[in-house]
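Below is one structure; the comments refer to it alone.
Below, read A as the first sequence line, B as the second, and so on, with proteins coming before strands; counting in each chain starts at 1. Computation of the quantities below employed the complete heavy-atom set of this structure, encompassing side-chain atoms and omitting hydrogens, waters and symmetry-equivalent molecules.
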Protein chains: 2
Amino acid sequence: MTSTEHGHAAAPAVRPTRQRRAVADALASFDDFRSAQDIHALLTERDEKVGLATVYRTLQLLSESGEVDMLRTEDGEAIYRRCSATHHHHLVCRSCGATVEVEGPAVERWTRAIAAEHGYADIAHTLELFGTCRACAG
Amino acid sequence: MTSTEHGHAAAPAVRPTRQRRAVADALASFDDFRSAQDIHALLTERDEKVGLATVYRTLQLLSESGEVDMLRTEDGEAIYRRCSATHHHHLVCRSCGATVEVEGPAVERWTRAIAAEHGYADIAHTLELFGTCRACAG
DNA sequence: TTCTCTGCAAACCCTTTGCAAAAAA
DNA sequence: TTTTTTGCAAAGGGTTTGCAGAGAA
């Protein structure tokens, strides 16, 4: 028995479809965070017909597999962006969405220290910064 | 003319009602973040009849006036908490939910520095830590 | 063929809103 | 009385889901 064919609890194969490629490509054409609806609109505009539900399902998939970052706007909307390989956080303009990836070795260190101090193991953390970028501040 | 009576663009007077007191009290009885629905459920359970819409409206008001903190869960739900005097973050056990409030002067400083470096103003940030607490680690 | 994926439309869920009745000033 | 609030129920808006048909393996 091979694990890919008969392993119990094997994850179903993921098939590379036109739609999934389209969503991935759309994501690749942006530098900042976009909502599922934004991406669907872009695809429609490009005459790449992909159902909205499929866009949502694909983004969810990509997000779970770690290929895209997902975060929430102030009003609860999910926004996505292809992510780079290294662990980092985001500095997002709350007005125009312009995003800067930032790294924080100090924060990572602080995180581990705090966790250890309180006896917590297997630590993860979320950290996002919001502000108004120079252009939007006027 | 007095500013409170005839000032143009004067904000409407806010009236202290039974409902608003009830929501504030409910908030005061929690140490952690709760959703509007949680609070409404608590009030109902206590036989304090307050409409769900009123709970939402009141939380919004409190949030705007800075008396409560509002943030979003991973799945987009708004959660509220009376804000304590000091700014802090949470270290949450992903297994049992045990929460420790932690302060991070270093993080706050880092946040401001990063924002300044990239020209972002009016900075806010979210930071939450997740881990497994000693009890749950076994 | 078999199993996954898609599209559509309906369902969901949290949240907001319109409006007439109730309460505060 | 005038003005703000409330409650209800309906509407909104993003997101998810059921299911039958389409497509990949």
Side-chain angles (χ1 to χ4, degrees), chain A residues 2-26 33-44 46-65 68 70-81 97, chain B residues 2-26 33-44 47-65 68 70-81:
Chain A
T2 70
S3 62
T4 53
E5 283 171 351
H6 305 295
H8 59 80
V14 172
R15 296 178 180 173
T17 64
R18 172 182 66 77
Q19 290 87 337
R20 287 178 178 167
R21 242 168 276 127
V23 171
D25 287 354
F33 285 88
R34 299 298 168 111
S35 70
Q37 317 251 2
D38 287 343
I39 290 166
H40 180 249
L42 176 72
L43 294 177
T44 300
R46 283 186 186 168
D47 279 310
E48 306 217 49
K49 297 180 204 80
V50 180
L52 180 56
T54 299
V55 172
Y56 274 107
R57 283 187 280 231
T58 302
L59 288 172
Q60 205 167 274
L61 229 49
L62 291 172
S63 166
E64 279 163 11
S65 75
V68 309
M70 185 259 263
L71 54 85
R72 295 271 171 187
T73 64
E74 193 118 325
D75 43 87
E77 196 182 30
I79 48 180
Y80 306 83
R81 200 183 79 146
Chain B
T2 69
S3 61
T4 53
E5 283 171 351
H6 305 296
H8 60 79
V14 172
R15 297 177 179 173
T17 63
R18 172 182 65 76
Q19 291 86 338
R20 287 177 177 167
R21 242 168 275 125
V23 171
D25 287 354
F33 286 89
R34 299 299 168 112
S35 70
Q37 316 252 1
D38 288 342
I39 289 165
H40 179 250
L42 175 72
L43 293 177
T44 300
D47 279 310
E48 306 217 50
K49 297 182 203 75
V50 180
L52 179 55
T54 299
V55 173
Y56 274 105
R57 283 187 280 232
T58 302
L59 288 172
Q60 205 167 274
L61 229 49
L62 290 172
S63 166
E64 278 162 12
S65 75
V68 310
M70 186 260 261
L71 53 86
R72 294 271 172 187
T73 64
E74 191 115 328
D75 43 88
E77 197 182 29
I79 49 180
Y80 305 83
R81 199 187 72 154

Take the protein atom [atom1] of [X] and the nucleotide atom [atom2] of [N], then report the distance between them rounded to whole Å.
X       : N      : atom1 : atom2 : answer
A:Met70 : D:dT16 : CE    : C1'   : 13 Å
B:Glu77 : C:dT16 : CD    : P     : 12 Å
A:Leu61 : D:dT17 : CG    : C1'   : 15 Å
A:Glu48 : C:dG7  : CD    : C1'   : 16 Å
B:Lys49 : C:dA21 : NZ    : C1'   : 17 Å
A:Arg21 : D:dA24 : CZ    : C1'   : 11 Å
A:Glu74 : C:dT15 : CD    : C1'   : 15 Å
B:Asp75 : D:dT16 : CG    : P     : 9 Å

*DNA chain C: B:Pro16 or A:Val50, which has the more 5' nearest nucleotide?*
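Counting from the 5' end, the first nearest nucleotide belongs to A:Val50.
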
Looking only at the side chain of [X] (C-beta and beyond, no hydrogens), which of the listed nucleotides [options] gets closest?
X       : options                : result
B:Leu52 : D:dT5, C:dT15, D:dT15  : C:dT15
B:Ala53 : C:dC5, D:dT15, D:dC8   : D:dC8
A:Arg15 : C:dA25, C:dT15, D:dA25 : D:dA25
B:Thr54 : C:dT6, C:dC8, D:dG7    : D:dG7
A:Gln37 : C:dT15, D:dG14, D:dT3  : D:dG14

_Taking atom types as they are modelled, would you say the side chain of A:Arg72 forms a donor-acceptor pair with the base of D:dG14 within the 3.5 Å cutoff?_
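It does not, because no donor-acceptor pair links the side chain of A:Arg72 to the base of D:dG14 below 3.5 Å.
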
*Report yes or no: is there a donor-acceptor pair, N or O only, under 3.5 Å between the side chain of A:Arg57 and the base of C:dC5?*
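Between C:dC5 and A:Arg57, which were checked side chain against base, a qualifying N/O pair under 3.5 Å is absent.
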
_I need the A:Ile79 CD1 to A:Leu59 CG distance, nearest 0.5 Å._
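The CG atom of A:Leu59 is 12.0 Å from CD1 of A:Ile79, to the nearest 0.5 Å.
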
*Please round to the nearest 0.5 Å and tell me the distance separating atom OG1 of B:Thr73 and atom CZ of A:Arg72.*
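One gets 7.0 Å once the value is rounded to the nearest 0.5 Å.
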
_Pair B:Glu48-B:Asp25, side-chain contact (heavy atoms from CB on, under 4.5 Å): steps then yes or no_ = CA-CA 11 Å; B:Glu48 306 217 50; B:Asp25 287 354; 5.7 Å; no

Whether [X] contacts [N] is assessed here as follows: a side-chain N or O lying under 4.0 Å from the phosphate OP1 or OP2. Is that the case?
X       : N      : result
B:Thr17 : D:dT4  : no
A:Arg18 : C:dG7  : yes
A:Tyr56 : D:dT15 : yes
B:Gln19 : D:dG7  : yes
A:Arg20 : C:dC5  : yes

*Base, sugar-phosphate, or nothing for B:Gln60, non-hydrogen atoms under 4.0 angstrom?*
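B:Gln60: backbone/sugar contact only, no base atoms under 4.0 Å.
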
*What pair of heavy atoms forms the shortest contact from A:Leu43 to A:Ala22, and how long is it?*
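That would be CD2-O, 3.7 Å.
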
*Does the side chain of B:Leu42 come within less than 4.5 Å of B:Arg34's, by heavy atoms?*
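A side-chain contact is absent here, since even the closest heavy-atom pair is not under 4.5 Å.
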
*Is any side-chain heavy atom of A:Phe33 closer than 4.5 Å to a side-chain heavy atom of A:Leu71?*
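A:Phe33 vs A:Leu71: side chains touch.
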
